[in-house]
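Worksheet: one structure, shown below.
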Number of protein chains: 2
Amino acid sequence: MTTTDHKSLRGRPKTIRAEKVLEVAIEAYWQNDLADVSVNSICRAAQASKPSVYREFGNEDGLTRAALESYAEQLLSDVSKILQSGQGMNETLDALIDFIITDARLEIGCLFHKMRAGKNRLGPKTRQLVEELNRAAQGNYQTFFQDRRSTGDWYGTVSTDVAAKYLGEQIALALAQRASGENATTIREILSLALSVFR
Amino acid sequence: MTTTDHKSLRGRPKTIRAEKVLEVAIEAYWQNDLADVSVNSICRAAQASKPSVYREFGNEDGLTRAALESYAEQLLSDVSKILQSGQGMNETLDALIDFIITDARLEIGCLFHKMRAGKNRLGPKTRQLVEELNRAAQGNYQTFFQDRRSTGDWYGTVSTDVAAKYLGEQIALALAQRASGENATTIREILSLALSVFR
DNA sequence: ATATAAAAATACTGACTGGTATAAAAATGA
DNA sequence: TCATTTTTATACCAGTCAGTATTTTTATAT
């Protein structure tokens, strides 16, 4: 809820559009190397003054955290929906692969996975959110495998915990490959090969 | 051959130990995030003056390239040896997994894979070396699969090219997990699961 | 009108970056 | 002894960073 309408009765009215700053920030973090994105550059691109941005988000850590939060809300729940569709193992894996390879919003990779990969460079608040989102994703994966095992359409010998980690890492790999511009059919073959261990 | 003995007959004798600078640089790049390692800090840690380091290596790009080169010479050929041992698929995969999980030099991951992951932040010379080493590794993996296929102990449907890329990425993943301090048996389970598609 | 409150705009701080100019030091050759 | 050569050490450069102090603007309340 980082909006612009504080509705203070006195004082100069706020003109900064926090929404727009976040849009710009997401785009910048997403497209460029995280270390190359400065608060300065975001302020310039969003046409917002630096003190305004700092008043809105506290510090750089707050801005990156808000950007990731906004991004995750927009996108991250879609994977959960696929996993929780209640379909069988094969259909679910097919849908998952299709989503990860073809979804236009993942054309340049996934900001969450990108931040997860560069976790040690993040501020504490952003890092905490990354870990939170990661736990949530892992939990989703794990209940998926538990469901498939109890339904009887998965007889894998590995623990659901390891399976969940494996799935998460393979997804991360595919997204990193998309981000690096790798050939789409190659990515699909690799991801399909990796997930074939569950079929 | 970046040695210290230029054997110039005149002038103040060289005291900088290029070897030591490289040691320090490798350790620094290896332990810390690449973006956090500055030429300044390396000079300080190696007790070498900045102009001396710049005379020896040209610029930051030259230093990182030399560090990666030195590192690769020390370590990277071991993987090739395992792949070229001429053993069967299962034995080779077992040996490979064992090496990647247990080799002490890979306890904090692999500098090559780390630099490959952060490729876009590297200077042109270092980037070129990374791509060279990557091509070499891919080539090794691919001939390994070609051999196993011609020997008749691999009947996989994917191309040797995709198999090679897959193997390379799974190794990279395992090394990244080691670098991030993940539990060793978990890493082994995940890598074993990933490579089980070849058995 | 005028005091007050809040935000905006500008310009700044101190630290750190990669890279270098300059001068002192330490060797050899004549 | 003294000029020459090479490396070292110190100190600097311009640029960028995250973050902020200060002043100006724009509103409302009295």
Side-chain angles (χ1 to χ4, degrees), chain A residues 2-22 24-25 28-29 32-67 118 120-127, chain B residues 2-22 24-25 28-29 32-67 118 120-127:
Chain A
T2 324
T3 58
T4 273
D5 40 287
H6 208 281
K7 277 285 163 282
S8 50
L9 295 176
R10 320 248 297 228
R12 180 170 173 173
K14 202 180 275 192
T15 59
I16 184 179
R17 304 289 331 173
E19 243 180 36
K20 160 141 192 182
V21 174
L22 283 182
V24 166
Y29 289 130
N32 311 99
D33 187 299
L34 289 181
D36 290 337
V37 178
S38 67
V39 177
N40 285 327
S41 67
I42 291 173
C43 290
R44 267 195 305 270
Q47 299 181 88
S49 78
K50 208 152 52 141
S52 297
V53 169
Y54 273 87
R55 182 166 341 95
E56 205 70 24
F57 299 101
N59 56 15
E60 186 177 36
D61 188 21
L63 175 59
T64 56
R65 190 203 143 96
N120 32 1
R121 258 201 96 38
L122 302 172
K125 288 191 294 193
T126 312
R127 189 195 220 112
Chain B
T2 324
T3 56
T4 273
D5 41 290
H6 209 282
K7 278 283 162 283
S8 50
L9 296 177
R10 317 248 296 224
R12 181 171 174 170
K14 201 181 276 193
T15 59
I16 185 178
R17 304 288 335 171
E19 244 181 36
K20 160 140 194 183
V21 174
L22 284 182
V24 166
Y29 289 130
N32 310 102
D33 188 298
L34 289 181
D36 289 338
V37 179
S38 67
V39 179
N40 285 325
S41 66
I42 291 173
C43 291
R44 265 196 305 271
Q47 299 180 87
S49 79
K50 211 153 48 145
S52 297
V53 169
Y54 273 88
R55 188 195 348 279
E56 204 72 22
F57 299 101
N59 56 14
E60 185 177 36
D61 188 20
L63 175 57
T64 57
R65 191 202 143 96
N120 32 2
R121 261 206 131 309
L122 300 173
K125 289 191 292 191
T126 312
R127 189 195 219 110

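Computation of the quantities below employed the complete heavy-atom set of this structure, encompassing side-chain atoms and omitting hydrogens, waters and symmetry-equivalent molecules.
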With a 4.5 Å cut-off on side-chain heavy atoms, are [Y] and [X] touching?
| X | Y | value |
| --- | --- | --- |
| A/Thr64 | A/Val37 | no |
| A/Asp36 | B/Arg121 | yes |
| A/Ile42 | A/Leu63 | yes |
| A/Glu56 | A/Val21 | no |
| A/Val24 | A/Gln47 | no |

Between atom [atom1] in [X] and atom [atom2] in [N], what is the gap in whole Å?
| X | N | atom1 | atom2 | value |
| --- | --- | --- | --- | --- |
| A/Lys125 | D/dA18 | NZ | C1' | 14 Å |
| B/Asn40 | D/dC13 | CG | C1' | 13 Å |
| A/Asp36 | C/dG18 | CG | C1' | 15 Å |
| B/Glu56 | D/dT7 | CD | P | 9 Å |
| B/Leu63 | C/dT17 | CG | C1' | 15 Å |
| B/Arg12 | C/dA23 | CZ | P | 16 Å |
| B/Gln47 | D/dA9 | CD | P | 10 Å |
| B/Ile16 | C/dA26 | CD1 | P | 17 Å |

query = What is the nucleic acid contact for A/Pro51, judged by heavy atoms within less than 4.0 Å: base, sugar-phosphate only, or nothing?
reply = base
message = For the helix from C/dA1-D/dT30 to C/dA30-D/dT1, what angle separates the axis at the start from the axis at the finish, each from five pairs, in steps of 10°?
response = 30°
Looking at [N], I'd like to know if its phosphate oxygens (OP1 or OP2) sit under 4.0 Å from a side-chain N or O belonging to [X].
| X | N | answer |
| --- | --- | --- |
| A/Ser38 | D/dC17 | yes |
| A/Ser52 | C/dA8 | yes |
| A/Arg55 | C/dA8 | yes |

ask   = How do A/Lys50 and B/Tyr54 order along DNA chain C: which one's closest nucleotide is nearer the 5' end?
value = A/Lys50
key: Side chain of A/Arg10 - closest among C/dG19, D/dT28, D/dG19   = D/dT28
query = Is there a donor-acceptor pair closer than 3.5 Å between any side-chain N or O of A/Asp61 and the backbone N or O of A/Thr126?
reply = yes
query = Taking all non-hydrogen atoms of both residues, which atom of B/Ala35 and which atom of A/Ala35 are closest, and how far apart?
reply = CB-CB, 4.1 Å
